[in-house]
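Report on the following structure.
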Amino acid sequence: IFALRRLDFRLRCTGPDFCSENFVGSVACARDRIPRAVQDLLATKGYRIVASTRVVDAMPALLQVTPRWSGHTTHEHLPALFIPQLKLIVLSEFYKSRNSWVKVDLYIFYMLAHEVGHALDHCLKGVTNTRRFKESYLADYARLNSDDKSRLTYFIQSTSKFGMEETFAEIFSSVLG
C-alpha cells in the first residue's frame, strides 16, 4: 500500500506489471486536489483508490462482464471505474482503444474526480435518488433538443438512474475543475 500524504484515503497499485511510479505519483497528485473534507468523509467510510495497470487487473472478474452502458466494449476499454459494492475507485494506467492499448497520460484528475463523484453519491446514500435531484434532472432533460440528446447520450441513458448517476459524477468533476 502506498500511503501518500495522510493515511486516510489510501492508494495502492495492482496488476501483473504494476503501475509506473510516474502514474502512481500523478494519481496521488490528483487525489490531493480533491477537497480534504470529501477525502476524509470517504476514507472514514472505507472507500479506497487503487491505481492499476488496467481496470481488470484490480478486478479480474470484470473480464467476463459487459459494462452496463455498452454491448460492444469490455471493461478493458475503461480508464477508470467505481465499484460500489467494494467502495473501490480504480484508475488504470492503460486502457484499450479499439484493439490497441493506450497509456493514460492526461485527464487523470478528471477521471479521479468523476469516480469520486460516484463514490460520494454512493456514500451519501444516493443524492441522485432524491426528489429534488430527479426533478431538476428531468426538467433539464425536457429542455434538450435532439442534437443535445445525441451529444449527451451517456448522461441521459434513457433518463434512467444510471444517467442521473453519470450526470452527478460529471457535475462533481466539473465543479472541481
Side-chain angles (χ1 to χ4, degrees), residues 1-5 8-34 38-39 41-43 45-123 126 128 152-157 160-174 176:
I1 292 179
F2 293 92
L4 301 167
R5 201 161 163 207
D8 51 11
F9 208 26
R10 294 188 188 124
L11 172 66
R12 67 184 178 95
C13 190
T14 63
D17 301 321
F18 294 100
C19 309
S20 69
E21 286 183 35
N22 186 46
F23 181 69
V24 173
S26 295
V27 172
C29 287
R31 186 224 31 223
D32 292 345
R33 288 180 56 195
I34 301 294
V38 173
Q39 288 188 48
L41 172 66
L42 294 177
K45 301 291 185 177
Y47 290 78
R48 299 171 293 140
I49 300 171
V50 171
S52 185
T53 309
R54 305 172 303 156
V55 164
V56 294
D57 292 327
M59 187 83 178
L62 292 175
L63 278 170
Q64 310 303 321
V65 180
T66 301
R68 70 177 184 221
W69 55 89
S70 175
H72 61 274
T73 61
T74 68
H75 283 90
E76 290 182 317
H77 294 88
L78 302 179
L81 178 67
F82 171 62
I83 305 169
Q85 304 87 331
L86 301 176
K87 297 181 177 182
L88 184 66
I89 296 169
V90 181
L91 272 76
S92 64
E93 187 168 14
F94 297 92
Y95 69 96
K96 205 176 224 182
S97 178
R98 295 193 174 94
N99 292 321
S100 61
W101 290 96
V102 177
K103 182 174 175 41
V104 174
D105 287 322
L106 303 173
Y107 311 115
I108 293 171
F109 175 73
Y110 161 75
M111 291 185 323
L112 178 60
H114 181 92
E115 300 308 327
V116 168
H118 284 302
L120 188 61
D121 184 31
H122 183 261
C123 180
T128 56
L152 299 171
T153 301
Y154 183 70
F155 302 104
I156 296 170
Q157 296 188 35
S160 71
K161 78 175 206 141
F162 300 125
M164 292 181 197
E165 290 170 356
E166 291 303 330
T167 298
F168 178 84
E170 192 65 16
I171 290 169
F172 182 82
S173 67
S174 295
L176 293 185

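Both backbone and side-chain heavy atoms feed into the values below; hydrogens, waters and symmetry mates do not.
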*Which atoms form the tightest heavy-atom contact between Leu86 and Arg48, and what is the distance?*
O-NH2, 3.6 Å
*side chain to side chain donor-acceptor pair (under 3.5 Å) partners of Tyr95, counting only residues at least two apart*: none
*Quick one: do the Gln39 and Tyr47 side chains pair a donor with an acceptor below 3.5 Å?*
no
_So, using side chain to side chain donor-acceptor pair (under 3.5 Å) as the criterion, who are the partners of Lys87 when residues are at least two apart?_
none
*Taking only residues two or more places apart in sequence, or in another chain, which ones meet Thr167 in a side chain to side chain donor-acceptor pair (under 3.5 Å)?*
none
_Nearest-0.5 Å distance, CZ of residue Phe172 to CD1 of residue Ile34_ = 5.5 Å
*Report yes if some heavy atom in the side chain of Leu78 is under 4.5 Å from a heavy atom in the side chain of Val90; otherwise report no.*
no
*Just by modelled atom types, is the Met111 backbone N or O under 3.5 Å from a matching donor or acceptor in the His114 side chain?*
no
*Name all pairs fulfilling the salt bridge (Lys or Arg N to Asp or Glu O under 4.0 Å) condition that reach into residues 88-97, sequence neighbours left out, sorted by first residue then second.*
Glu76-Lys96, Glu93-Lys103
*asked:* Looking at every heavy atom in both Leu62 and Leu81, which two are closest together, and how far apart are they?
replied: CD1-CD2, 3.4 Å
*asked:* Run the side-chain contact (heavy atoms from CB on, under 4.5 Å) test against Asn22 and tell me which residues pass, sequence neighbours left out.
replied: Ser20, Ser26
*Check Pro79 against Val55 and note the closest heavy-atom contact, atom names and distance.*
C-CG2, 4.1 Å
*Which distance, rounded to the nearest 0.5 Å, do you find between the CG of Leu88 and the CD of Glu115?*
10.5 Å
_CA sep, side-chain torsions, deciding dist, call: Ile108, Val27, side chain to side chain contact (heavy atoms under 4.5 Å, CB included)_ = CA-CA 7 Å; Ile108 293 171; Val27 172; 4.0 Å; yes
_For the student: nearest non-hydrogen atoms of Phe23 and Ser52, plus distance_ = CE2-O, 4.2 Å
*Nearest-0.5 Å distance that lies between atom CE in Met59 and atom CZ in Arg54*: 14.5 Å
*What's the shortest heavy-atom distance between Ser173 and Tyr110, and which atoms?*
OG-CE1, 3.5 Å
*Who pairs with Pro84 by side-chain contact (heavy atoms from CB on, under 4.5 Å), at least two apart in sequence or on another chain?*
Phe82, His122
*Arg31 and Leu112: CA distance, side-chain angles, deciding distance, side chain to side chain contact (heavy atoms under 4.5 Å, CB included) verdict*: CA-CA 7 Å; Arg31 186 224 31 223; Leu112 178 60; 3.9 Å; yes
_Tell me if a side-chain donor or acceptor on Asp121 pairs with a main-chain N or O of Glu165 at a distance below 3.5 Å._
no
*asked:* Which heavy atom of Ser92 sits nearest to which heavy atom of Val104, and what is that distance?
replied: O-CG2, 3.4 Å
